[in-house]
Amino acid sequence: MSRIISPRDPALRVMGRIDDGNPDRPVWVFPYTQASFRFTGTTLSLTLINHHDYGDSHIGVIVDGMPASIRIPVNERPITLTLASHLPDIEHTATIYKRQDGEHYLELLWLAVDDDAQVLPPSDPEPTRRIEIYGDSVSAGERNEAVAYVGKADPDVDLSACSNSWLSYGAITARKLGAQLHDIAQGGASLLDGIGWFHAPNYIGMEHIWDRIEYNPSLGPSRPWDFSRYTPHVVIVAIGQNDSHPHDFMAEDYDGAEARHWRARYVDFLHALRERYPQALIICTTTVLQHDHSWDRAIGEAVATVNDAHTIHFLYSRNGAATPGHPRVQEHEEMAEELTDLIRSYGDDIWSD
C-alpha cells in the first residue's frame with residue numbers, strides 16, 4: 001500500500017508559472033517549474049498525464065542531491081513513474097521539476113510514498129528574491145546535456161532528451177543568487193508572431209507567449225496569466241536569436257522596413273514589461289549562441305530608445321560568437337557566472353519590495 005499525496009498538499013513548495021485553476025490537477029507548462037519537499041520511507045512515485053506535442057518527454061527529479069531524468073511515455077492516459085525506490089528508510093529531500101519547454105504539458109495527479117511515510121516542507125526558507133526570464137531554447141536549457149558537441153553544431157537527430165532546464169544559465173544564476181525563477185522560455189520562439197521556429201508553419205513568438213500560462217495551440221486553448229501572483233525583482237529578456245528565420249532581415253537590411261518594425265516592437269515589449277513591473281531591473285541580452293551582431297545592435301538601440309535607467313543592455317564576453325549549436329552545460333555555466341556578477345553589481349537594494 002502507498003500513501004497518496006495531493007499536488008495541493010501544503011508541504012509541497014511549488015515554483016513556476018503553474019496553471020492551478022484546478023489545484024488538484026495542476027498543469028506544468030514552462031521549464032524549471034518544480035515542487036520541493038521532504039519525505040520519509042523508501043519509495044517515491046508520481047502519477048501524471050503527459051500532454052505531448054513533440055520531442056522525447058522527460059521529467060527531472062533530485063532526491064538527496066542525486067539528479068535523475070525519467071522518460072515519460074507518450075499517451076493521454078495517467079502514467080505512474082517511479083521516481084525513487086529502495087531508499088534507506090530515513091528522511092529524504094526531493095525536488096521534481098520540468099526539464100523541457102512547451103513541447104509537452106504535465107498534468108500532475110498525485111504523488112505516492114510508503115503508507116507509513118511522512119511528507120514535510122523543505123527545511124530551508126523559501127527565497128524572497130525573484131527572477132523572471134523571457135527567452136527561447138537557450139533559456140530553456142534545450143540540448144544542453146549534449147556535452148559531446150561543445151562548440152559544435154547540433155547533430156540532425158532529436159536531442160530533446162538532452163534538454164535540462166535545471167542546468168540552464170538562468171536556473172544556475174538564480175540558485176547562485178538564492179532566488180526564485182520563473183523561466184518563460186520556449187524553444188524556437190522569436191519576438192514576433194510569423195517568424196522564428198516555434199509552431200511551424202504558423203509561427204508563434206514571445207508576443208503571444210509572454211502573458212500566457214498555456215500557449216501551445218497543439219495542446220489546447222491559451223490561458224492568461226495573473227501577473228499579481230509573481231512580481232520579479234530582475235527580468236531577463238533573451239529574445240532575438242530565432243527572429244532571423246526564415247530570413248535574416250536585420251543582417252540583410254538594418255534600416256529596412258522589417259528591421260525597423262522589429263526594433264519598434266521590441267521597444268513596445270519593454271514598455272509592456274515596465275508597465276507590469278515598475279521597479280524591476282530589466283536586462284536585455286541574447287546569448288553566446290552564434291548569431292549576426294546586428295541583432296545585438298538592434299537590442300541596444302531599442303534599450304536606448306526606452307531611455308530607462310533600470311533597463312539595460314548586456315553582452316556576454318563571447319556573446320553571439322561561442323558556438324554554432326545550442327550552448328552546452330559548460331557554456332551555460334560560463335553565462336551564469338557573468339550574469340550573476342552583473343546582477344550582484346547592482347547591490348542588494350534591487351531585491352527590495
Side-chain angles (χ1 to χ4, degrees), residues 4-37 44-61 69-81 83 94-112 119 132-135 137 139-142 160 163-166 168 170-171 180-189 198-199 204 206 208-230:
I4 301 301
I5 307 300
S6 167
R8 71 189 300 174
D9 191 293
L12 306 185
R13 178 192 296 165
V14 298
M15 184 176 73
R17 189 180 282 192
I18 297 169
D19 182 355
D20 52 7
N22 180 350
D24 291 313
R25 301 178 69 143
V27 178
W28 289 7
V29 174
F30 292 99
Y32 203 59
T33 301
Q34 60 189 260
S36 297
F37 53 96
L44 176 66
S45 66
L46 171 65
T47 300
L48 54 77
I49 298 174
N50 183 30
H51 301 277
H52 178 264
D53 183 11
Y54 61 90
D56 188 6
S57 301
H58 286 67
I59 191 169
V61 60
S69 174
I70 298 171
R71 188 173 185 273
I72 312 171
V74 176
N75 61 54
E76 290 295 321
R77 300 186 303 275
I79 303 162
T80 297
L81 304 174
L83 304 182
T95 296
I96 302 165
Y97 69 97
K98 193 165 189 286
R99 284 174 59 101
Q100 298 157 306
D101 60 14
E103 67 183 54
H104 71 127
Y105 295 171
L106 294 179
E107 183 179 356
L108 275 59
L109 302 183
W110 61 80
L111 290 158
V119 175
E132 189 163 70
I133 291 177
Y134 294 93
S137 58
S139 297
E142 189 169 316
S160 54
S163 301
N164 187 355
S165 63
W166 190 271
S168 66
Q180 299 182 52
L181 172 66
H182 280 201
D183 193 5
I184 313 305
Q186 171 58 51
F198 176 58
H199 196 62
I204 292 173
M206 189 54 64
H208 176 93
I209 297 169
W210 81 281
D211 59 354
R212 304 281 97 185
I213 192 168
E214 296 182 18
Y215 57 86
N216 187 339
S218 299
L219 297 177
S222 67
R223 301 181 187 277
W225 168 245
D226 179 1
F227 281 88
S228 68
R229 297 181 58 180
Y230 184 84

Looking at CH2 of Trp110 and OG of Ser45, how far apart are the two atoms once the value is rounded to the nearest 0.5 Å? 9.5 Å
Measure from the side-chain N and O atoms of Asn164 to the backbone N and O of Trp166, and report whether any donor-acceptor pair falls under 3.5 Å. yes
Would you confirm whether Glu132, through its side chain, and Ile184, through its main-chain N or O, come within 3.5 Å as a donor-acceptor pair? no
Residues Asp211, Arg17: salt bridge by 4.0 Å N-O rule: no
Could you tell me whether a side-chain N or O of Asp20 sits under 3.5 Å from a main-chain N or O of Asn22, the two making a donor and an acceptor? no
If I take atom CG from residue Leu44 and atom CG from residue Leu83, how far apart are they, to the nearest 0.5 angstrom? 4.5 Å
Arg212 side chain reached by Pro224 side chain, heavy atoms, under 4.5 Å: yes
Is the Tyr215 to Trp225 ring centre distance short of 6.0 Å? no
Contacts satisfying salt bridge (charged side-chain N to carboxylate O under 4.0 Å, His left out) that involve residues 49-58 (not counting sequence neighbours) are Asp56-Arg71
Please determine whether side-chain contact (heavy atoms from CB on, under 4.5 Å) holds for the pair Phe37 and Thr95, giving the CA-CA distance in whole Å, both sets of side-chain angles, and the decisive distance to 0.1 Å. CA-CA 7 Å; Phe37 53 96; Thr95 296; over 6 Å; no
When every non-hydrogen atom of Leu81 is compared with those of Pro73, the smallest separation belongs to CD2-CD, 4.2 Å
Counting C-beta onward and ignoring hydrogens, is there a side-chain heavy-atom pair between His104 and Ile72 closer than 4.5 Å? yes
Do you know which two heavy atoms are closest between Tyr54 and Asp101, and how far apart they sit? OH-OD1, 4.0 Å
Show the numbers, then the answer: is there a side-chain contact (heavy atoms from CB on, under 4.5 Å) between Leu48 and Glu107? CA-CA 5 Å; Leu48 54 77; Glu107 183 179 356; 5.9 Å; no
Non-hydrogen atoms of Pro26 and Ile18 that approach each other most closely: CB-CG2, 3.9 Å
Ignoring hydrogens and angles, tell me if any N or O in the side chain of Lys98 forms a donor-acceptor pair with the backbone of Gly60 under 3.5 Å. no
Tell me, with the steps shown, if Val61 and Ile59 meet side-chain contact (heavy atoms from CB on, under 4.5 Å). CA-CA 7 Å; Val61 60; Ile59 191 169; 6.0 Å; no
Check: Tyr105 ring centroid to Trp28 ring centroid under 6.0 Å: no
Is any side-chain heavy atom of Thr33 closer than 4.5 Å to one of Met15? no
How many angstroms lie between NE2 in His51 and CG in Leu106, if you round to the nearest 0.5 Å? 8.5 Å
Heavy-atom side-chain proximity of Tyr134 to Ile209 below 4.5 angstrom: no
What one should report as the nearest heavy-atom pair of Pro7 and Leu109 is CD-O, 3.3 Å
Is a donor on one side and an acceptor on the other found under 3.5 Å between the side chain of Arg99 and the backbone of Ser163? yes
Could you check whether any side-chain N or O of Glu103 sits under 3.5 Å from a backbone N or O of Ser57, counting only pairs where one atom can act as donor and the other as acceptor? no
Side chains of Gln100 and His58: any donor to acceptor distance under 3.5 Å? no
Report yes if the side chains of Ile49 and Arg77 come closer than 4.5 Å at any heavy-atom pair, otherwise no. no
Student check: side-chain heavy atoms of Phe30 and Asp19 closer than 4.5 Å: no
Rounded distance (nearest 0.5 Å) linking atom CD1 of Ile5 with atom OG1 of Thr47: 12.0 Å
So, do Asp183 and Ser139 sit near enough that their side-chain heavy atoms are less than 4.5 Å apart? yes
Heavy-atom nearest pair, Ala140 first then Ser168, reads C-CB, 4.3 Å
State, yes or no, whether a side-chain contact exists between Ile4 and Leu111 at a heavy-atom distance under 4.5 Å. no
Minimum heavy-atom separation for Tyr32 to Ser165, with atom names? N-OG, 3.1 Å
For the atom pair CG (Leu46) and CD1 (Ile70), what is the distance rounded to the nearest 0.5 Å? 8.5 Å
Atom pair NE2/NE2 of His208 and His199 - distance to nearest 0.5 Å: 8.0 Å
